[in-house]
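Here is the naming used below: chain letters follow the sequence lines, and residue numbers restart at 1 for every chain.
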There are 2 protein chains.
Amino acid sequence: MPDSPPSLDPVQLGAYFDLVEVTSLLRHAVEQQLRETGDLSYVQFQLLARLGDSPTGSHRMTDLADGVVYSRSGLTYQVGLLEKEGLAVRAPSPDDERSITVTITDAGRELLAKVLPGHVEVVSGLLFEPLSRDDAKTLAGLLAPVRDHMRSTPPRSAAPRRRKGGA
Amino acid sequence: MPDSPPSLDPVQLGAYFDLVEVTSLLRHAVEQQLRETGDLSYVQFQLLARLGDSPTGSHRMTDLADGVVYSRSGLTYQVGLLEKEGLAVRAPSPDDERSITVTITDAGRELLAKVLPGHVEVVSGLLFEPLSRDDAKTLAGLLAPVRDHMRSTPPRSAAPRRRKGGA
DNA sequence: TATTGTTATACTCTATAACTATA
DNA sequence: TATAGTTATAGAGTATAACAATA
């Protein structure tokens with residue numbers, strides 16, 4: 001028996017292409033806005049946003065890595081940049097001596113606040129302008145299960161092998 | 001009057017986040033497959049696919065740049081790589097002496113054929129597994145207008161300014 | 001003068017492997 | 001031994017600016 005139908009019908013193919021194209025254009029626009037407004041890369045913005053969202057303003061390195069799909073070293077690099085700019089601070093975790101807790105600073109929050117309106121404007125104007133509220137809801141309803149599926153997918157051919165060695 | 005409602009409701013925000021996350025994960029997986037199977041970056045694959053799709057197997061550099069959102073120099077770099085690998089060839093355009101016509105080679109087509117099944121498999125298994133055919137159709141229906149909108153958007157804050165000076 | 005493409009260059013980002021330290 | 005994080009390093013990719021050639 002075939003492992004899984006290795007084909008995409010025209011509709012799927014179109015959806016896939018449009019997804020790639022839309023995201024690419026959106027990402028481009030957003031990155032430009034972030035760079036111009038706050039001298040932030042998208043990843044740095046994501047990290048700051050994630051920290052800012054946390055009730056404590058903190059996350060462990062590992063949690064951040066899990067969220068942003070990065071190699072640990074890449075995360076170390078990016079957090080290092082944030083720290084150098086005074087936007088975040090690293091400190092040893094109290095409970096687990098191995099862990100590092102990253103915390104957003106006031107300056108980080110300020111920058112986030114400075115950057116957010118433009119960010120929202122770009123996303124709103126570029127992504128949601130041609131979509132009704134219902135459309136947005138539909139889109140969210142479609143993407144959520146996809147996201148869950150992707151997050152819980154076994155290492156088919158070449159997965160992160162972050163946790164629990166695969167091969 | 002306000003230029004445009006600079007805000008995102010929770011549903012929109014969720015859709016946006018999921019879009020970014022889903023695409024990021026998908027991109028990651030696809031890039032790994034392309035790298036392992038054909039030693040191709042995603043951009044190189046896109047270029048080859050675009051050339052392979054063309055009836056003539058050719059495109060002008062400018063057309064490729066328009067499609068792939070790149071800087072010209074970046075495109076030159078990537079096409080240079082393809083040419084070095086014997087996957088594409090560059091030749092002066094007959095009609096316009098300034099233009100360069102890029103053409104996919106047989107080796108390029110072979111590599112494309114070698115890489116495509118795995119590519120499709122990843123996309124199919126990762127993106128479309130949790131979606132029905134109807135879902136895919138709905139998704140395509142939502143993304144198409146967004147794509148068209150993005151493609152025809154005026155340089156609001158910082159646009160390519162490729163053709164026709166904006167400011 | 002505007003467009004097409006290349007080159008040189010500098011920089012950002014990412015991943016791999018080796019390493020330290022704690023659980 | 002497994003996990004958390006860092007460092008060194010190497011490489012890919014991207015953009016900018018200056019340039020050459022044709023329309």
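A/Gln44 places a side-chain N or O within 3.5 Å of a backbone atom of A/Ser41 that can act as its donor or acceptor partner. A/Glu129 places no side-chain N or O within donor-acceptor distance of the main-chain N or O of A/Ser124, the cut-off being under 3.5 Å.
Atom CZ of B/Arg98 and atom C1' of C/dT1 are 11 Å apart (whole Å). Remark: C1' of D/dG5 and CG of A/Asp66 are 14 Å apart, rounded to the nearest angstrom. The CG-P distance, from A/Asp95 to D/dA4, rounds to 12 Å in whole Å. Rounded to whole Å, atom P of C/dA23 lies 12 Å from atom CZ of A/Arg60. One atom, CG of A/Leu82, and another, P of C/dC13, lie 10 Å apart when rounded to the nearest Å. In this structure, A/Leu75 places its CG atom 15 Å from P of C/dT16, rounding to the nearest Å. For the pair A/Arg35 CZ and C/dC13 P, the computed distance is 5 Å after rounding to whole Å. In this structure, CD1 of A/Ile100 is placed 12 Å from C1' of C/dT20, rounded to the nearest angstrom.
The side chain of A/Met61 lies closest to D/dT6 when the candidates are C/dA23, D/dA12, D/dT6. Residue A/Arg90 has its side chain nearest to D/dT6 when only C/dC13, C/dG5, D/dT6 are considered. Nearest to the side chain of A/Ser99, among D/dA4, D/dG13, C/dT6, sits D/dA4.
For A/Tyr16 and B/His119, the ring centers are positioned less than 6.0 Å apart. Checked against a 6.0 Å centroid threshold, the rings of B/His149 and A/Phe128 do not count as neighbours.
Counting any heavy atom pair closer than 4.0 Å across all strands shown, B/Ser41 reaches sugar-phosphate atoms only and no base atom. Using a 4.0 Å heavy-atom distance criterion, A/Leu81 is classed as a sugar-phosphate-only contact.
Contact annotation: side chain of A/Thr62 to base of D/dA4, donor-acceptor pair absent below 3.5 Å. You'll find a donor-acceptor pair under 3.5 Å spanning the side chain of B/Ser73 and the base of D/dT16, going by distance alone.
Between A/His59 and D/dA4, a side-chain N or O to OP1/OP2 separation shorter than 4.0 Å is absent. For B/Gln44 and D/dG13, the shortest distance from a side-chain N or O to OP1 or OP2 is below 4.0 Å. The side chain of A/Arg72 places an N or O atom within less than 4.0 Å of a non-bridging phosphate oxygen (OP1 or OP2) of D/dA4.
In this structure, B/Asp106 places its CG atom where only 12 or fewer heavy-atom neighbours from other residues, nucleotides or ligands lie under 6.0 Å away.
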